[in-house]
Amino acid sequence: MQNLRIRTATPKDAAPILEIYTPAVELTPASFELTPPSVPEFAERIRSYSDTHEWLIAEDDGNILGYAYATPHRPREAYRFSVETSVYVSEHARQRGVGRKLYSELFNRLSSKDFHNAFAGITLPNDASLNLHKAAGFTSIGVFREVGYKLGKWHSVSWWQRSI
């Protein structure tokens with residue numbers, strides 16, 4: 001990972017990013033989507049969120065290892081300075097600092113756009129994500145208990161916040 005580079009994602013990155021995201025949808029409760037989006041739908045997500053927020057990828061020698069993005073926290077205008085963030089790292093690149101580097105660059109870019117707070121929801125249990133968010137400066141603000149039903153059982157989501 002000596003050539004790790006963080007760059008803005010484009011809709012052309014949708015297919016390789018979706019390869020990272022699909023197992024999270026199909027095999028884990030990390031995402032509350034029940035079926036993976038199509039490549040065109042994912043490309044539209046990248047396009048729409050990149051216009052006002054940020055969508056970044058980490059790549060090493062042309063291989064996408066992970067991605068992070070920010071979306072509006074809520075649709076009402078008073079929330080316009082708050083974002084919700086997510087980060088996903090491919091299984092073979094975990095525990096190598098990719099998530100931390102993505103979040104660091106994401107927050108630098110969000111700061112320049114005058115965003116004020118970031119929020120992240122983490123489906124429990126997920127020690128790796130909890131540790132990443134702590135390392136990225138997030139603090140726990142509460143748990144939505146048994147808020148999502150997936151893979152035959154109820155899941156709680158821990159919510160985290162950090163200033164940008």
Run Leu65 and His92 through side-chain contact (heavy atoms from CB on, under 4.5 Å) and show every step you take. CA-CA 8 Å; Leu65 302 179; His92 70 276; 3.6 Å; yes
Is there a donor in the side chain of Arg109 and an acceptor in the side chain of Thr8, or the other way round, less than 3.5 Å apart? yes
Close side-chain approach of Trp154 to Arg145, heavy-atom, < 4.5 Å: no
Salt bridge or not between Lys150 and Glu33? Use side-chain N to carboxylate O under 4.0 Å. no
Between Asn117 and Ser82 (side chain of the first, backbone of the second, donor and acceptor by atom type, cut-off under 3.5 Å), is there such a pair? no
Counting C-beta onward and ignoring hydrogens, is there a side-chain heavy-atom pair between Leu27 and Leu151 closer than 4.5 Å? no
Atom pair CZ (Phe119) and NE2 (His73), whose distance is rounded to the nearest 0.5 Å: 5.0 Å
What's the separation between atom CD in Glu59 and atom CZ in Arg5, rounded to the nearest 0.5 Å? 4.5 Å
Side-chain donor/acceptor of Arg162 to backbone N/O of Ala136, under 3.5 Å: yes
For Leu102 and Ala68 the tightest heavy-atom approach is CB-CB, 3.9 Å
Non-hydrogen side-chain atoms of His133 and Ile122 separated by less than 4.5 Å: yes
Is the Trp55 ring parallel, tilted or perpendicular to the Tyr49 ring (thresholds 30°, 60°)? parallel
Would you say Tyr69 ends up clustered with Phe42 if hydrophobic residues are merged whenever their side chains have heavy atoms under 4.5 Å apart, either directly or through other cluster members? yes
Same hydrophobic cluster for Leu106 and Trp160, using side-chain heavy-atom links shorter than 4.5 Å among ILVMFWY? yes
Closest approach of Asp114 to Phe81 (non-hydrogen atoms, all atoms of both residues): O-CD2, 3.3 Å
Min side-chain heavy-atom separation Phe32-Val157 under 4.5 Å: yes
Are Leu130 and Leu124 close enough that some pair of their side-chain heavy atoms sits under 4.5 Å apart? yes
Minimum-distance pair of heavy atoms, taken over all atoms of Leu110 and Val83: CD1-CG2, 4.0 Å
Check whether any side-chain heavy atom of Phe138 lies under 4.5 Å from a side-chain heavy atom of Tyr103, and answer yes or no. yes
For Ala58 against Ile6, the heavy-atom pair lying closest together: CB-CD1, 3.6 Å
4.5 Å side-chain heavy-atom contact, Ile64 and Ser90: no
Rounded to the nearest 0.5 Å, the CZ atom of Phe115 sits from the OG atom of Ser112 at a distance of 9.5 Å
Can you find a side-chain donor-acceptor pair between Ser31 and Tyr21 that sits under 3.5 Å? yes
Does Glu26 reach the side chain of Pro36, with side-chain heavy atoms less than 4.5 Å apart? yes
Minimum heavy-atom separation for Pro29 to Thr123, with atom names? O-OG1, 2.9 Å
Got a donor-acceptor contact below 3.5 angstrom from the Arg80 side chain to the Glu77 backbone? yes
Does Arg7 come within less than 4.0 Å of Asp13, counting only side-chain N to carboxylate O? yes
Would you check, one step at a time, whether the test salt bridge (Lys or Arg N to Asp or Glu O under 4.0 Å) holds for Lys113 with Glu54? CA-CA 10 Å; Lys113 292 184 175 188; Glu54 289 288 336; 3.0 Å; yes
Given salt bridge (Lys or Arg N to Asp or Glu O under 4.0 Å), test Arg45 with Glu41 step by step and report yes or no. CA-CA 6 Å; Arg45 290 180 189 183; Glu41 182 181 355; 3.2 Å; yes
Quick check: is Ile164 connected to Leu132 through a chain of hydrophobic side chains (ILVMFWY, heavy atoms under 4.5 Å apart)? yes
In the single-linkage hydrophobic clustering (I, L, V, M, F, W, Y; side-chain heavy atoms under 4.5 Å), do Tyr149 and Leu34 co-cluster? no
Answer yes or no: is there a donor N or O on one side and an acceptor on the other, between the side chain of Ser111 and the main chain of Phe107, under 3.5 Å? no
Is a donor on one side and an acceptor on the other found under 3.5 Å between the side chain of Lys134 and the backbone of Ser129? no
Can Tyr67 be reached from Leu18 by stepping across I, L, V, M, F, W or Y side chains whose heavy atoms are under 4.5 Å apart? yes
Can a donor-acceptor pair be found, under 3.5 Å and without considering hydrogens, that links the side chain of Ser158 to the backbone of Val143? no
Can you tell me how far the CD atom of Glu105 sits from the CG atom of Leu56, to the nearest 0.5 Å? 6.0 Å
Verify, without hydrogens or angle tests, whether Arg100 (side chain) and Arg96 (backbone) share a donor-acceptor contact under 3.5 angstrom. no
List the atom of Tyr88, the atom of Ile20, and the distance in Å for their closest heavy-atom pair. CB-CG2, 4.0 Å
